[in-house]
There are 2 protein chains.
Amino acid sequence: MALEHAILVSLLEQPGSGYELARRFDRSIGRFWTATHQQIYRVLRRMETDGWIVAEEVAQDGRPDKKVYAPAAPGRAALAAWLREPVEPETVRHELAVKIRAAAFDDSAALTSLISEVERHRESHSALLARYLTGEQRDFPDLTALDTRQELQHVVLRGGIEYERMTLAWLDDVLATLHRLAN
Amino acid sequence: MALEHAILVSLLEQPGSGYELARRFDRSIGRFWTATHQQIYRVLRRMETDGWIVAEEVAQDGRPDKKVYAPAAPGRAALAAWLREPVEPETVRHELAVKIRAAAFDDSAALTSLISEVERHRESHSALLARYLTGEQRDFPDLTALDTRQELQHVVLRGGIEYERMTLAWLDDVLATLHRLAN
DNA sequence: ATTGCCTATGCAACTCGTTGCATAGCAGGA
DNA sequence: TCCTGCTATGCAACGAGTTGCATAGGCAAT
């Protein structure tokens, strides 16, 4: 399990509330992890109980109050211990790949509907790539002057960018193949 | 949820037992989904109860008997219905990316231990790529003469190959960055 | 002989993750 | 004015996924 650790990293980079974390995990650059607000609130409560993080109530006007969390020493220690544990292999769950192989066992109408699915998928990856690239320009305007933290953030972002580029190329390949088979 | 559907596709391509399915999901070419044997046995039982698949007891000598499952009509119908539903976005859970960003908040010993982690990771991706490529040669010796099913299997495999290539290139980038920062 | 590994299936207990719903004030548009 | 949407947090119920353990015979090597 690494949701706790992903949250710790995010809070070390910038303290924030559960709501803010949910948005970072959902929409932010460097989407290296996914989680819903339910999961995040539950884990935050547990982490606070365990002393990994401390909360500060922040009153706001024009919007509800929020609890801003920041890592505490035990949390940093837990993160350090986790860093020294072996990495588990990434879990791959590529639903589209399952559907593509499934299409062999259905009629050609399924192929057609799959094509529009792939096209929608392609568009969302294309939009994500664009967001990564604008975010890169915004957050890393001068690539020759990065500190350690930024270097590490940037190498992760480069991974995201390359992943999206590779995925787009593959989806084009898939589309070409499906069109060929639909004729 | 798509484990049921992934199992159905696998059984349509080739009927098999829970044990065999677990091995396909674990080690086979086209690792588009992951699942443990526990999950698989449980889901198989449910699918059999629901009439999606039918089991045949097969006695073997020199090894335990097994139950070989094959898809039934209701299962095929369920798969067809699922195929027409919108695809959900892939879930990304890249633990290594979390660790890389976490390394910014630890000492340089953490950087060193991360380097060997990344190297191990790199080797396993390299091995997987090699397995994909040998599997491609074995299962698709003549790329000009593929039927629909093979075309679809092959485009998924191409995705796996490109993913591994991209990952290897990125891991090299990560290693270069970590080495630079460790000095 | 014992140890370890492979095939084959399964139970029990637990944690993780998702879905639906609820509250509550504020802002902006039809 | 009503409806929609954003910020902000949370409960309850359920389904998905993991971990540890158990059984049981056969095979191969030490």
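Letters go in sequence order (proteins before strands), and every chain restarts at 1.
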Nearest to side-chain heavy atoms of Lys67(A), which nucleotide of dG10(D), dT18(D), dT18(C): dG10(D)
Are Ile40(A) and Leu12(A) co-members of a hydrophobic cluster defined by side-chain heavy atoms under 4.5 Å apart? yes
Whole angstrom is fine here: how far is it from CD in Glu20(A) over to C1' in dT7(D)? 10 Å
Using atom CG of Leu44(A) as one end and atom C1' of dG10(D) as the other, report the distance to the nearest whole Å. 12 Å
Restricting both atoms to N or O, compile the protein contacts to nucleotides 21-23 of chain C shorter than 3.5 Å, with distance only.
none

Expressed as a whole number of angstroms, how long is the span from Lys66(A):NZ to dC26(C):C1'? 16 Å
Quickly work out the Glu57(A) CD to dG10(D) P distance and round it to whole Å. 9 Å
Any side-chain hydrogen bond (donor to acceptor under 3.5 Å, both in side chains) pairs touching residues 63-73 of chain A, not counting sequence neighbours? Glu20(A)-Lys66(A)
Can we call the ring centroids of Trp170(B) and His94(B) under 6.0 Å apart? yes
Between Tyr41(B) and His37(B), what is the ring plane arrangement, given parallel below 30°, perpendicular above 60°, and tilted in between? perpendicular
Report yes if a side-chain nitrogen or oxygen of Arg46(A) is closer than 4.0 Å to either non-bridging phosphate oxygen (OP1 or OP2) of dT15(C); otherwise report no. no
Respond yes when some side-chain nitrogen or oxygen of Tyr41(A) is under 4.0 Å from OP1 or OP2 of dG10(D), and no when none is. no
Closer than 4.0 angstrom, basic N to acidic O: yes or no for Asp107(B) and Arg84(A)? yes
Taking OP1 and OP2 of dG17(D), is either one under 4.0 Å from a side-chain nitrogen or oxygen of Gln39(B)? yes
Would you please test Glu48(A) and Val54(A) for side chain to side chain contact (heavy atoms under 4.5 Å, CB included) and show each step? CA-CA 6 Å; Glu48(A) 196 186 1; Val54(A) 289; over 6 Å; no
Under 4.0 Å: is that the gap between some side-chain N or O of Tyr19(A) and OP1 or OP2 of dT7(D)? yes
Which part of the nucleic acid does Arg42(B) contact within heavy-atom distance under 4.0 Å: base, sugar-phosphate only, or nothing? base
Upstream residue (5' side of DNA chain D) when Arg45(A) and Asp65(A) are each assigned their closest nucleotide: Asp65(A)
Could you check Tyr69(B) against Thr36(A) and say which one's nearest nucleotide on DNA chain C is further toward the 5' end? Tyr69(B)
Gap between atoms CD1 and P, on Ile7(B) and dG17(D) respectively (whole Å): 10 Å
May I ask you to verify if any side-chain N or O of Ser17(A) is less than 4.0 angstrom from the OP1 or OP2 atom of dT9(D)? yes
Measure from CG on Leu21(A) to P on dA8(D) and round the result to the nearest Å. 12 Å
Ile40(B) has an atom CD1; how far is it from atom P of dT7(C), in whole Å? 14 Å
For residues 144-156 of chain A, pull every pair meeting side-chain hydrogen bond (donor to acceptor under 3.5 Å, both in side chains), keeping only residues two or more places apart or in separate chains. Glu13(A)-Gln153(A), Glu136(A)-His154(A), Asp142(A)-Thr144(A), Glu151(A)-Arg180(B), His154(A)-Arg158(A)
Can you tell me if Arg93(B) touches the phosphate of dG17(C), counting only side-chain N or O atoms and a distance under 4.0 Å to OP1 or OP2? yes
Which heavy atom of Arg24(B) sits nearest to which heavy atom of Gly16(B), and what is that distance? NH2-CA, 3.8 Å
Could you check how far CD of Gln60(A) sits from P of dT9(D), rounded to whole Å? 8 Å
